[in-house]
Amino acid sequence: MKKSVFLGTLAVSGLLAGMAAAGTLDDVKARGILNCGSNNGLTGFAAPDANGNYQGFDAALCKAIAAAVLGDASKVKFVPLTGETRFTALASGEVDVLIRNSTWTFSRDTDLKFDFVAVNYYDGQGFMVKKELGVSSAKELDGATVCIQTGTTTELNLADFFKSNNMSYTPVTIADDSEGQRQYVAGACDAYTTDASGLAAVRATLPDAENHIILPEIISKEPLGPVVRHGDNNWGDIVRWTYYALVSAEENGITAANVEETASTTTNPEIKRLLGASDDNLGAMMGLDKEWAKRAIAAQGNYGEIFAANLGESTSIGLARGLNALWTQGGLQYAPPFR
């Protein structure tokens with residue numbers, strides 16, 4: 001009797017888990033739109049252009065997911081969220097996925113019941129100051145006022161850094177990057193702290209960018225990546241493998257311009273599987289069609305193309321690949337096998 005009750009409980013649990021897993025994909029398909037939780041304005045990562053269309057490194061991943069799932073990269077509703085509102089919006093179902101410079105941490109992964117499915121940007125927290133402050137190291141900021149976003153890991157890292165260096169500071173709390181920039185430029189704080197990539201993005205928009213210095217210290221590890229809800233395993237797989245399709249495309253020399261030709265001419269078995277040109281239907285394993293990855297790549301290119309177009313050294317932000325180079329080029333970006 002105990003055995004049958006136990007098995008019955010497992011069966012019910014499995015059924016409920018299966019329903020949860022299928023939920024978001026079914027919702028997105030029925031709605032015909034992907035609701036993507038986004039930054040409310042961080043140049044290079046996600047910000048509306050002059051026509052109100054979101055552009056940027058994170059925005060491109062949202063578009064790739066929409067292309068994979070819905071067949072159209074434009075089928076995205078960008079939902080701008082602050083550091084404090086982003087996780088509530090994801091937990092409540094207001095957004096299907098959160099792609100907003102969010103750091104993978106133990107408590108967010110476990111206590112908040114989220115899944116960080118990949119790391120699309122390896123980052124670390126830094127500090128920016130005006131040249132006129134006469135500071136060349138973060139260890140010279142004793143007694144400084146510091147602009148800091150609430151509801152972020154940045155708050156905790158800042159406290160740890162100052163405590164470990166026996167320094168004091170006065171926090172100037174801000175809701176988002178736009179407010180942080182305004183407060184910092186207005187002189188409300190001596191230093192602005194956030195992810196180093198975010199500092200570069202903010203500095204790039206300043207009219208006197210040359211008068212602002214990003215200090216050399218990186219005081220934390222900030223693995224940033226897309227986030228989904230616990231219990232939604234199939235949807236997590238879709239977001240995860242869409243991202244890795246972009247990385248694999250760069251590894252294999254597949255670009256937005258040549259993806260169609262590659263799909264029809266390649267003899268490489270893994271590339272054929274990736275692009276839906278083989279008998280192995282990888283898409284069906286996630287509830288998608290065979291060409292999901294091909295569409296994701298065609299949307300805005302492979303990982304390297306997306307990085308170069310939005311954050312790279314030829315942009316106003318001017319970031320080197322660094323840790324975000326492919327593993328074959330000294331970085332950490334690496335796609336698991338498509339097989």
Side-chain angles (χ1 to χ4, degrees), residues 18-39 45-46 48-49 51-81 86 89-90 92-100 115 117-118 120 225-229 231-249 254-257 259-260 262-263 273-277 280-303 305-306 309-310 335 338:
M19 290 170 63
T24 304
L25 175 59
D26 289 348
D27 289 346
V28 172
K29 285 183 173 180
R31 190 190 307 128
I33 290 287
L34 174 73
N35 291 334
C36 193
S38 179
N39 204 296
F45 281 92
D49 61 17
N51 297 316
N53 299 315
Y54 265 75
Q55 306 293 342
F57 178 79
D58 282 345
L61 181 51
C62 295
K63 294 175 183 179
I65 296 167
V69 175
L70 298 171
D72 187 339
S74 70
K75 299 295 186 181
V76 184
K77 176 184 178 183
F78 289 95
V79 181
L81 300 168
R86 56 184 163 169
L90 178 61
S92 69
E94 180 184 350
V95 297
D96 304 309
V97 60
L98 178 67
I99 308 179
R100 187 205 175 279
D115 287 332
V117 299
N120 73 329
V227 196
V228 298
R229 291 176 289 276
D232 210 345
N233 301 57
N234 188 66
W235 180 246
D237 287 342
I238 289 170
V239 176
R240 175 183 299 108
W241 287 100
T242 298
Y243 170 68
Y244 282 128
L246 304 181
V247 177
S248 181
I254 306 166
T255 67
V259 63
E260 288 290 348
T262 302
R273 287 191 293 270
L274 173 66
L275 300 182
D280 299 295
N281 189 347
L282 301 187
M285 300 177 189
M286 304 185 297
L288 303 179
D289 64 16
K290 293 183 69 169
E291 297 189 340
W292 63 279
K294 185 170 76 171
R295 292 193 301 272
I297 297 161
Q300 296 205 311
N302 64 40
Y303 179 86
E305 289 180 285
I306 291 169
N310 295 288
F338 280 80

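Computation of the quantities below employed the complete heavy-atom set of this structure, encompassing side-chain atoms and omitting hydrogens, waters and symmetry-equivalent molecules.
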Find the distance between [atom1] ([X]) and [atom2] ([Y]) and round it off to the nearest 0.5 Å.
| X | Y | atom1 | atom2 | value |
| --- | --- | --- | --- | --- |
| Leu70 | Ile33 | CG | CD1 | 7.5 Å |
| Gln300 | Leu246 | CD | CG | 10.0 Å |
| Cys36 | Asp58 | SG | CG | 8.0 Å |
| Phe338 | Trp241 | CZ | CH2 | 5.5 Å |
| Asn35 | Asp96 | CG | CG | 5.0 Å |
| Leu61 | Ile65 | CG | CD1 | 4.5 Å |

Taking every non-hydrogen atom, the tightest pair across [X] and [Y]:
| X | Y | answer |
| --- | --- | --- |
| Glu305 | Ile254 | OE1-O, 4.4 Å |
| Ser248 | Ala335 | N-CB, 3.8 Å |
| Ala245 | Leu274 | CB-CD1, 4.0 Å |
| Ala298 | Ala256 | O-CB, 4.0 Å |
| Ile306 | Ala60 | CG2-CB, 3.7 Å |
| Ile238 | Met286 | CD1-O, 3.6 Å |

Main-chain N/O of [Y] paired with [X] side-chain donor or acceptor, under 3.5 Å:
| X | Y | answer |
| --- | --- | --- |
| Asp72 | Ser74 | yes |
| Asn39 | Arg100 | no |
| Arg240 | Val117 | yes |
| Tyr243 | Tyr303 | no |
| Arg86 | Leu81 | no |
| Asp280 | Leu282 | no |

Problem set entry | Heavy-atom side-chain contact between Lys63 and Gln55 under 4.5 Å |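 Sidechains of Gln55 and Lys63: in contact.
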Exercise. Is there side-chain contact between Thr24 and Arg229, with heavy atoms separated by less than 4.5 Å?
Worked result: yes
For this session: Determine, step by step, whether Asp115 and Asp232 satisfy the side-chain contact (heavy atoms from CB on, under 4.5 Å) criterion, reporting the C-alpha distance in whole Å, the side-chain angles of both residues, the deciding distance to 0.1 Å, and the verdict.
Result: CA-CA 9 Å; Asp115 287 332; Asp232 210 345; over 6 Å; no
For this session: Count the heavy atoms belonging to other residues, nucleotides or ligands that lie under 6.0 Å from NZ of Lys290, then report whether that count exceeds 12.
Result: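 Enclosed.
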Exercise. Looking at the rings of Phe45 and Tyr54, which for Trp means the six-membered one, are their centres under 6.0 Å apart?
Worked result: no
For this session: Identify the residue among Thr242, Thr262, Leu275, Thr255 that makes a side chain to side chain contact (heavy atoms under 4.5 Å, CB included) with Ile297.
Result: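 Single side chain to side chain contact (heavy atoms under 4.5 Å, CB included) partner of Ile297 among Thr242, Thr262, Leu275, Thr255: Leu275.
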